[in-house]
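Numbering of ligands and ligand atoms starts at 1, following listing order.
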Amino acid sequence: MSKKPIIGISGSVQISEKGLFAGHRRACVGNNYVEAVIAAGGIPFIIPINADEDVIRGAVDAIDALIMSGGHDVSPICYNEEPMQKLEATFLERDKFDSLLIGEAQKKGKPILGICRGVQILNVVNGGTLYQDVSYAKDVFIQHFQKTKSDDLSHSVKIDKNSFLGDIFDGEETGLINSFHHQILKDVAPGFRVIAQSPDGAIEGIQKDCDDNLIVGLQWHPELLAANNIPAQKIFKKFIKYVTEK
Ligand SMILES: [Mn+2]
């Protein structure tokens, strides 16, 4: 592929709260995703939430790879659990859309990078489950929703050197990341393996075991770090390089 690859980014919806446009829905995505993709040599292509399966299929046909963006909690309906007390806002319409996008991208062999909610829905769509809040996971003691700026590093992760993350942290087995999540993966989906964990055992990254496609998910937010952090930039560059060479 000689042209820059087109990187689809799953969208969200923001609803205006006041004024003339109260209740008005706006398709949106955090601009950091857009900037990180451009800086890494890709063409960002925002895919708005919709329920039309033909449109979703067509959107996946039009992209070379897919980034599943962060956001709402995945509804526990998607993994056959009742909502627990600490579950936060869910968005079933987005769960449905994301599930169709991931299913279609996997079917068509398009590389996927899931970020935060993106890794959670990637896991659930493939048969995994989540802890609805980190406090429900035994031994998890680290603050996973940091109180500092989004581009501040917060906690460490240990990575699997034989994975997508192998050369991201300057060849080291541990790295520092940011952390803005209150849920974590519980059962990892069949066919996926853990590639990053925080010192309390929380799963911070997974990768699908397959040779013919790259499907990886991270619990942290490299897009929020990418302006100034080399490992975060490497994540996007490595993903886009894979797409370009595929
Ligand atoms: Mn974390």
So does Lys107 pair up with Glu104, basic N to acidic O under 4.0 Å?
-> yes

Side chains of Asn31 and Glu35: is there a donor and an acceptor less than 3.5 Å apart?
-> yes

For Phe180, which residues count as a ring-ring contact (aromatic ring centres under 6.0 Å, His included) partner, sequence neighbours excluded?
-> Phe145

With side chain to side chain contact (heavy atoms under 4.5 Å, CB included) as the test, would you mind laying out the steps for His221 and Asn32 before giving the verdict?
-> CA-CA 10 Å; His221 284 274; Asn32 297 86; over 6 Å; no

Strictly under 6.0 Å, is that where the ring centroids of His144 and His155 end up?
-> yes

Could you please tell me which protein N, O or S atoms lie under 2.8 Å from the Mn ion (ligand 1)?
-> His144 ND1, His155 NE2, Ser179 OG, His181 NE2, Glu204 OE2

Salt-bridged, Asp167 to Lys238, with N to O below 4.0 Å?
-> yes

